Peer 1: 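Below you will find the structure I want to go over with you.
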Amino acid sequence: MKRKFLLMCCLMAVQIVVYGQRKISGTVSSSEDDSGIVGVVIKIVGTATGTFTDELGRYELQVPDGADSLKFTFVGMEPVFKKIGTGGTIDVVMEPLSMLDEVVVTALGIKRDEKSLGYAVSQVSGDELRGANQTNLVSALAGNVAGANVTQASGTAGGSSRVVLRGFTSLTGDNEALFVIDGVKINNDQLNSESKGNATDGVANSNRGIDLNPDDIESITVLKGGAASALYGIDGANGVILITTKKGQANPNGGLTVSAGTSLSFSQVNKLPATQSTYSQGSAWYSGDGLTPEHLAPETGWLTSWGPAYTDLVWDGEAYDYDNNGAIALKSDLPGGTPVTPYDNVNNFFRTGVTTRNNVSISGGGETATFRFSVSDTRESGIVPNNTFGKTNVSLVSGIKLMDNKLNITTSANYINSGGVRIQQGSNLSGVMLGLMRTPITFDNANGSADPVNDPTVYTLADGSQRNFRGGGGYDNPWWTVNNNPFTDNVNRFLGNFQTSYKFSDYLTVSTNLGLDTYTDRRQQVYAINSRANPAGKIIEETYNVLQTDAYLLFSGGTYLDKKGDLDLQYQVGFNAFSYSLNNLYTEGTDFGFIGFSHLSNAGTLNSIRNVDQYRSVSGFASANLGYKKFLYLTVTGRQDYDSRFLVPGEEVAMSDIGFFYPSVSTSFVFSELLGLKNNSAFSFGKIRASWARVAKAPSSVYATSTTYAPVVGVNNIADGWTNGISTTGYLLDNVAGNPLLLPEISDEFEIGTALNFWNRRLSIDVSYYNRQTESAIVPATVSGATGYTVIFLNTGSLTTNGLDVAISGTPIQTKNVKWTIGANFSKYKTIVNELSDGLDQLFLGGFTGTGVYHIPGQEFGQIYGGVFLRDDAGNMIINDDPTSFLYGYPLASSELEVIGNPNPDFLLGITNRLRVADFTLSFLFDMKVGGEMWNGTQGAMTFFGTSANTENRDIPGAETTVFEGIAGHVDADGNVVTSGTNDVLVGLNEDWYTDNGGGFGSVAEHFIQDASTYRLRNASLSYAVPAKKLVGNALSEVRFTLSGNNLLLFTPYEGIDPETSLLGSSSNGQGLDYFNMPNTRSVTFGINVKF
Amino acid sequence: MRNLLFIVGLALIFTSCKKHFEDINTDPDQPLTAPPNVILGGVEGTLAYAYGGDLSRHSSIFTQHLTGVSRQWAVLQNYGIVSEDVNTVWGDNLYAGVLMELKQLKAAAEADGWLHYQGVAEVLQAYTLLVVTDNWNAAPYAEAFQGAENLQPVYDSQADIYSTVFTLLASAKTNLNLVDGGPVVPGAEDALFAGDAASWIGFANFIEARAYLHRAKMDAGNYSSALNAIAAGGLTADCGFPFAGGGNANPAFQFNEQRGDCAIGSKLQELINDLNDPRRHLYDHAFDDAHPFMTGDRSVFLGTVTEQKFIEAECTFHEFGAAAAHPLYIEAINLSFGMVGYADSAAAYIAQPEIDPGAGSLTLDHIMTQKYIALFQDPEVFNDWRRTGLPALTPNTGTAIPRRYPYPQEELNLNSNTPSATIFNSVDWD
C-alpha cells in the first residue's frame, strides 16, 4: 500500500498488461560471470508487453498467441532476440556491448558510436567515481582520465579541487573544464571571500562541483579536445566534463528498487614539514657578547627559535601565564630547576578526521513512467580541529514516455545544502599553519591541556589577551584561531532541468532542455578582538546569489542518403541561450566595542559592498555527421555565439561586434573494417582519427571593456602591500583599465589519434596527439604605472600546447572466478607562453611580490619567479668579499628576479587495477605526477624562524664551518660585479645567515624550490559482494562491503607537506606555491551498500 | 515544416538579441565618471599613505631614523633594497593612485571651470612629482597617463620635471587666487585644508621653497629663491593628513602593529641620547613594541611650519650668515618641540651648548642635525642628507649609503625607456 502510494505521489503510472495464454519463464545471466542479471527488460517483439528479471535474473511472462519472438535488453549488454518456440523455458546469456559498437555520450548529450568519433573522449563510470571515496567529485577524477590534471588545493574538509584538460587554453582566464549535467551547464566557481583573485590568505573555499553527489551519477564523459567540445562554444573551450545522472529504472511487477549505502572514514595528516627539536625561542643578537644564544621568553614578543638548546634550560616551576611548568631559566642559573623537555606542538594539534556518508535511493516505474529519488548526506570533520564540511543532497528524477514513446519528458530536480566551518590558512597572521609551524619547541600552544580545543584558557589570558608564544603579538595561537576566527558557509542550491523531446520520425526529433542552477551562499567570517590578523576584531557577513540558466532548442535526425544504406547522415541544428548572474553583498564590521560578542552590531565601523557580475550569450549551432559503410566518418560543426561580455557601455549594441563563429571538422577511419579484421581474434579493431577545431573564449571578468570609478571603502582601499591600509570616503578611478576593443581569445586545435583493440578487447590502446594554438589571448597586462594604470586588458597573448594522451586497458586474466583488469592513463603536455604583450616580459598570476607565479614569454605556463643568488656569467655564486659587511663570506643576492621553478609536471600516469576473485574485488589506483616544482615557502619561513629541521644542525654563533662555493666579489657603486678570486672565507650557518638570505625572508627564494613529483597509492579498495545465491528468499538483492583507503602511500622528494596543494586555491592559474598551506590527508573508509 | 521552424527560431533570436543584451556589460555597482570633489579625499589619502608609509620607511632606513630588524626589512637594512620593493609605491600609489587621479580630477575641474579644484590638483601634482624625481631622478610625465594608447611613455629629465613643478605651482596659485566659478568648491572632503584657498597657496609656496632648496646643491642661487617663495606667504599651519586610528590608522602605526620588523635607527638614537633630547621618549622604540609616538591617529605631515622654518634658517645661513640664521634656528627648534607637545622642555634643551653654541658659532651642522631630529621619519630627511651630508652617517654595511631608489621592477620590465641606475647613483641635483 505504502509503495503504491509513493508511486502515485510521483505521478508515475505503472502498467503491466497481461493477456497471454501461455507462460514462458527462464533466467538471464551474464557471459562475464554467469551470474543472473537483475532488471533485464523482456519484451514480446511487436507489442508493448513485457516484464523484467528479478534479483536472480529470473522472469516469467504470459505470451499471447501468435507472438513470434522475445527481445532482451539491458544497459551495457548486447540486445538478444529469441524465437518463442514451443517450450516453456527460455534461458538467455547476455554479452557485454562490444567495443566495436560502444556508444558514448558526446556534446549536447548526443549518443554516438565511439568508432565514428574523430576525437578522443574518456569515460568514467559512476562506480569508479564512488570508488575514489571523495567528497569532492572533481578529486575523484584524478588518475582516471588521460589528459586530465586534477589538483586538490588542500586537505581541509570542504577544500577545492581543479581539473584542467589537456593543458592550458587561456593565459589568465579560467582554464578549468566546463561542467555539464544532463545537457545543461552548471556552476563550478570557487568564490573567495577575502583577497579575491589572489588569495594567499583566508580559508580554503569549496569549488561548487563539491555539491554534486557521486551516488547520483551514472557516468562521466570527458570531452577533452576542441573538436569534442566545439558545440559548447565560448564556455566549452577548456573541454567539458559531461555528467549523466542516474535515471529511474523500470522494475518488475511495479516494485521499487531501493539502494542504500553507508560509510565511515577516518583521516589523518599524511605529511608535515619536518621541524627541529633542539633549540629554544631566542636569539644571540641581544646577549652580552652578541654571540651566545639567549632564551627570550614569550612576553618579550621574540619571534625566532635561535635560542639555546633546550638541554641548557630549566623550568622554574613558579606560576606563569605562558607555561604551566613555569618560566624558563638557564640551567646554570637555576641548577635545581626542572629540565625542559621540548613540546610537540605540531603532532598535538592535528586530530583524526571523521567522515560519514549515507545515501539511499528509491527507483521504480514501468513502461510509461519512471522515477528515481535519492537522499544523501555527508558529514566531514577535518584534521584541523573545528574544521567541518557537510552536504545533503536530495534528488528527484522522473521520466515519462507518451504517445508511443515518441514524446519523452524528463525532469530532474536537485536540492543541495552544503557548507561547514573553515579555518584560516596561508599567508595570514591568523593562519593555522603559520602560527603552528613557527612555534618554538619551548612553548606549548596547548599549555598542557588534555582538551585544548575546548579549553579557552589555553589560548586566552585572564585579561582577554591572547596567549601565544609572542606575548600576544605575532601570530595567532592555532587553538585561538580555530576557536575565535571561524569562517562558516551555508550553501542552498537548486539544480534542475526539464527536458522534452518529440520524435516526429527518424528524420526529425525536436527537443528542448531548460536548465537552472541557482544557489545562495551565506558566509560569515569572524575575527575576535586580539586576533592577530585583525586585532581590533572584524566580522564579515556575506551573501552570494548565483543564478545560471541554460536553454536549448534542438532539431536532430538522421537518414540514409542512398538506397543501399551505405551513406548515412545525422544532423543537429540548435539554439542556446545562457545567462549567468552573481550578486554578492558583502558587509564588514571592524573595531568591536567589547570582547566576547563578535557581531555586526558590536562593530565600530561598518562597510558594505555590493558586486553584481552578469553576462548572457545566445548562440546558434549545427552539426552534421556523415558515415560511409560504417568505416569512414566525417563530422562538421559550427557555432555562432553572441556574448554580452564584448559589449561596450554607452555604445550602441552592434551584433557584429559581439558575435563570433567557431567551426570544427573531424573524421574517423575504421581501417579494420576495410581490412576485414572484424573477426580477427588477435587484432580485432583499429581506427585512426583526426580533427581540427576553433574555439574561443571571453574575458575572464565581466565589464572588461570599460574602466570605472570605485569607492575607496572596501574596493580601492589605500594600502602599500605591507599593511591593511585605510579607507576614506569618495571614489577613485580603478587602477585596472578596461579595453573597449577587446576580442575573444581564439584557440585552434588539431588532434590526431588512433584506437586499437587486440584479442577481443583483452587489450585496448588509445593514443591522441594534439596541438593547440591560442592567439589574441586576453592579458590583464601589468603595465608601467606611468600609463596611469597598473593593469590594462590587452588582446596580445599567444600560447601553444602540445600533448599526448595514452590510455591502455587490458584484461590479463579472465576466467569464471578471476578477472584482472588493468588500465593506464598517461598524459603529457606542455603549454608554452609565446607572447604576452609588447614589452611585457612577465605577467603576475598570483603569490607574493617577491616570489610569485608569472607567465614568462618563451617559458612554460605559470613559472615560479623570485629572487636568486648573484652569479657571474659562468654561473658561479658571488660571495661577499667586503670584510666590513655584516654578511662577509656569504653569497650575495642578485637584485633581479628570475624564473626559479616550473610547477608543471613532465607527465602524469594513473594506473588502475581491478582484480576480482570470486566475490572479492580488489582495486587500486596508483598515480604519479612526475616532475614539476614547488616553492616551499613554508620551509623558507621556518628556516628564518629556526624551527625547520634544516636548522637542526646550525652552527653555534662564533663557530664557522662552511665555505660557500663561489667567487669572492661584490657589487660596486655602479652596479658592476667586481670579483677577487675563489672564495675561501669560513662562515657559520647560523642565525645571521638564516635570518638573511639563507632563509625565506631574504631576497632569495631559489633555494626553496623543490621537486614536487609524487608517486602515490591514491586509492585502494577491497570489496566483498555477498553472492546472490545467499540472498535468495531475502529482501536484499545486493550486499557489498568495502574497505578502502586514500593516499595510503606517498613518495615524494618534496620536503614540506603533500605537494598536491595550492596556496592560491583551485581556481587560480598560479599553481606551485606552498606558504603555510594546510596539509593533506590519508584516510581509511569502511562502507556497506545494500539493494532491495 | 522544418525550414519554417528554423526561420522562425532565427528571427526570434536575432530580434530579441539587442534587447537581451542592453546594459548587461555595464557594471551596475560602479560609475563610469566621478566629479572632482568625490576624488579628492582618496587622492590625498593615497599620497599621505605613501609618504608616511613606504617612502618614509625606505628613506628612514637610509637616513638611520629606522633600523630594519627583521625579515625583509633586515635585508633592506643592509641596502638589499631591490626593484621589486618599490613597485607598489611607484605604480599603485604615486602614478596610478595619485598622479593619474589628479589628471582626471583636474580635467573634470577644468571642463567645468572649477578653478579651485584645478588649483588644488596642480599643487598636489607638483608635490608628488617632486617626490618622484627626488627619489628616482628622471621619470615619465609628459607622455604618461595615456593608458593603452602609450604603454611605454618616455622619461622626462629631472630638469624637465622641476620646470613642470614650477609651472604647475604658478598655475595653481593663479587659479586659487581667482574667484571660483564652480558650484562646488573644495570643502570638507579636502582633508588637508578643508578647501581654504589661502592655505593651499601657502602650501604651494612651501613646495616651491622645498624645490628650490633641493636644487641648491647645483646652484647656490636657489637659496634666495627659496627664501623668496616663503616670503611670498608659506605655510601658516602644518599640512597633515589626519588618520583616525582603528581601521583608518596611520601607515607607520599600521606597520609597527601588523608587521613590526623595524626599530629606531642608530644615528637618530645616538643623537637623541647624546644630546639628552627629551623627544627620545617619543622616538625611541624597541622592535615590535607599540610605538609611543607613531600612534594610529597621528597625522602624516606633507609639510610643516617646522620644516619651513628650518628651510629659512638654512637658506639664511647661506645667504646672510650664522648670526642672521640663529634666531630662525632657535625658532625652528621651538616649533618642533611645540609640534610634539613638548614646548615646555624646549628652553632647557636649547640651553645646552651643543644645541645653541651662540649666534656667531652656529654651523650648518647644527641646523641640519636639528632638522634631522625634528623631521622624524620624514622622507625629506633623505633629501637633506644627500644635499648636505649632514648629519654624517656611517653606512650600515659596505662603504656607501644609497642615494636614490631603484627603478621599480615593473618599470624595468614593461617600459623600455627606463634608464638604468643603481641605488648608489646620484639624482641630477645631488
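Numbered from 1 within each chain, the chains take letters A, B, ... in sequence-line order. Given the structure is predicted, the values throughout are model-derived calculations rather than measurements.
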Peer 1: How far apart are the closest heavy atoms of A/Ser784 and B/Glu411, and which atoms are they?
Peer 2: OG-OE2, 2.7 Å
Peer 1: Measuring from atom OG1 of B/Thr397 to atom CG of A/Leu887, what distance do you get when rounded to the nearest 0.5 angstrom?
Peer 2: 7.0 Å
Peer 1: For B/Glu149, does the CD atom have more than 12 heavy-atom neighbours from other residues, nucleotides or ligands under 6.0 Å away?
Peer 2: no
Peer 1: Atom CG in A/Leu429, atom CZ in B/Arg259: separation rounded to 0.5 Å?
Peer 2: 7.5 Å
Peer 1: What part of A/Leu892 gets within 4.5 angstrom of chain B, counting heavy atoms only: side chain, backbone, both, or neither?
Peer 2: neither
Peer 1: Relative to chain A, which segment of B/Glu84 carries a heavy atom at a distance below 4.5 Å: side chain, backbone, both, or neither?
Peer 2: both
Peer 1: Side chain, backbone, both or neither: which part of B/Ala244 has an atom under 4.5 Å from a heavy atom of chain A?
Peer 2: neither
Peer 1: Which one of A/Phe886, A/Tyr709, A/Phe944, A/Phe1001 has the most heavy-atom pairs closer than 4.5 Å to chain B?
Peer 2: A/Tyr709
Peer 1: Using non-hydrogen atoms only, which part of A/Pro883 is less than 4.5 Å away from chain B: side chain, backbone, both, or neither?
Peer 2: neither
Peer 1: Could you measure the distance from the OG1 atom of A/Thr787 to the OH atom of B/Tyr95? Nearest 0.5 Å is fine.
Peer 2: 10.5 Å
Peer 1: Counting heavy-atom pairs under 4.5 Å with chain A, which one of B/Asp23, B/Thr26, B/Leu40 comes out on top?
Peer 2: B/Thr26
Peer 1: Identify which of A/Thr729, A/Thr707, A/Thr728, A/Asp720 forms the greatest number of heavy-atom pairs closer than 4.5 Å to chain B.
Peer 2: A/Asp720
Peer 1: Closer than 3.5 angstrom, by distance alone: can the side chain of B/Asn248 be matched with the main-chain N or O of A/Ile726 as a donor-acceptor pair?
Peer 2: no
Peer 1: Which of the residues B/Gly147, B/Ala148, B/Gly80 is involved in the greatest number of heavy-atom pairs with chain A at under 4.5 angstrom?
Peer 2: B/Gly147
Peer 1: Flag the one option from A/Ser895, A/Gly738, A/Gly725 with the top tally of heavy-atom pairs under 4.5 Å to chain B.
Peer 2: A/Gly725
Peer 1: Considering only heavy atoms and a distance below 4.5 Å, find which of A/Asp882, A/Leu794, A/Asp591, A/Thr884 pairs most often with chain B.
Peer 2: A/Asp591
Peer 1: Calculate, to the nearest 0.5 Å, the distance between atoms CZ and CD1 belonging to A/Arg645 and B/Ile24 respectively.
Peer 2: 12.0 Å
Peer 1: Between B/Asn413 and chain A, with a heavy-atom cut-off of 4.5 Å, which part of the residue counts as in contact: side chain, backbone, both or neither?
Peer 2: both
Peer 1: Kindly say whether A/Asn724 contributes a backbone atom to a donor-acceptor pair with the side chain of B/Gln258 at under 3.5 angstrom?
Peer 2: yes
Peer 1: Any side-chain heavy-atom pair from B/Met100 and A/Tyr789 closer than 4.5 angstrom?
Peer 2: yes
Peer 1: Where does B/Thr46 contact chain A at under 4.5 Å (heavy atoms): side chain, backbone, both or neither?
Peer 2: both
Peer 1: Could you look at A/Ser617 and say if it's the side chain, the backbone, both or neither that has a heavy atom under 4.5 Å from chain B?
Peer 2: backbone
Peer 1: Between B/Ala50 and chain A, with a heavy-atom cut-off of 4.5 Å, which part of the residue counts as in contact: side chain, backbone, both or neither?
Peer 2: neither
Peer 1: Is it true that a side-chain atom of B/Asp29 and a backbone atom of A/Val612 form a donor plus acceptor pair closer than 3.5 Å?
Peer 2: yes
Peer 1: Between A/Thr705 and B/Asn25, what is the shortest heavy-atom contact and its length?
Peer 2: OG1-ND2, 3.3 Å
Peer 1: Chain A heavy atoms under 4.5 Å from B/Tyr407: which part of the residue, side chain, backbone, both or neither?
Peer 2: neither
Peer 1: Name the option with the most non-hydrogen atom pairs under 4.5 Å to chain B; the candidates are A/Leu732, A/Thr304, A/Asn735.
Peer 2: A/Leu732
Peer 1: Among B/Gly398, B/Ala139, B/Ala191, single out the residue with the greatest number of heavy-atom pairs under 4.5 Å to chain A.
Peer 2: B/Gly398
Peer 1: Do you know which two heavy atoms are closest between B/Gln409 and A/Glu896, and how far apart they sit?
Peer 2: NE2-OE1, 3.7 Å
Peer 1: Between B/Pro153 and chain A, with a heavy-atom cut-off of 4.5 Å, which part of the residue counts as in contact: side chain, backbone, both or neither?
Peer 2: side chain
Peer 1: Contact part of A/Asp613 toward chain B, heavy-atom cut-off under 4.5 Å: side chain, backbone, both or neither?
Peer 2: neither
Peer 1: Quick check on B/Arg57 against chain A: is it the side chain, the backbone, both or neither that has a heavy atom closer than 4.5 Å?
Peer 2: side chain
Peer 1: Of the non-hydrogen atoms in B/Ser70 and A/Leu303, which two are nearest, and what is the gap between them?
Peer 2: OG-CD1, 3.6 Å
Peer 1: Specify which of B/Pro28, B/Pro251, B/Gly41 makes the most heavy-atom pairs with chain A at under 4.5 Å.
Peer 2: B/Pro28
Peer 1: About how many Å separate CG of B/Leu151 and CD1 of A/Ile792, when rounded to the nearest 0.5 Å?
Peer 2: 5.5 Å
Peer 1: Please confirm whether the backbone N or O of A/Gly785 pairs with a side-chain atom of B/Glu410, one donor and one acceptor, at under 3.5 Å?
Peer 2: no
Peer 1: Output the option from A/Phe646, A/Tyr731, A/Tyr615, A/Trp722 having the highest count of non-hydrogen pairs under 4.5 Å with chain B.
Peer 2: A/Trp722
Peer 1: Heavy atoms only: give me the nearest B/Gly42-A/Ile718 pair and the separation to one decimal.
Peer 2: O-CD1, 3.5 Å
Peer 1: Quick one: closest heavy-atom pair of A/Ala786 and B/Ala144, and the distance?
Peer 2: O-CB, 3.0 Å
Peer 1: Which of the residues B/Val43, B/Asn415, B/Asn78 is involved in the greatest number of heavy-atom pairs with chain A at under 4.5 angstrom?
Peer 2: B/Asn78
Peer 1: Report which part of B/Glu101 has an atom under 4.5 Å of a heavy atom belonging to chain A: side chain, backbone, both, or neither.
Peer 2: side chain
Peer 1: Select one option (side chain, backbone, both, neither) describing which atoms of B/Phe243 are under 4.5 Å from chain A's heavy atoms.
Peer 2: side chain
Peer 1: I'd like to know which of B/Pro140, B/Gly91, B/Ala34, B/Pro395 tops the heavy-atom pair count under 4.5 Å against chain A.
Peer 2: B/Ala34
Peer 1: Please state whether the side chain, the backbone, both or neither of B/Ile39 comes within less than 4.5 Å of a heavy atom of chain A.
Peer 2: both
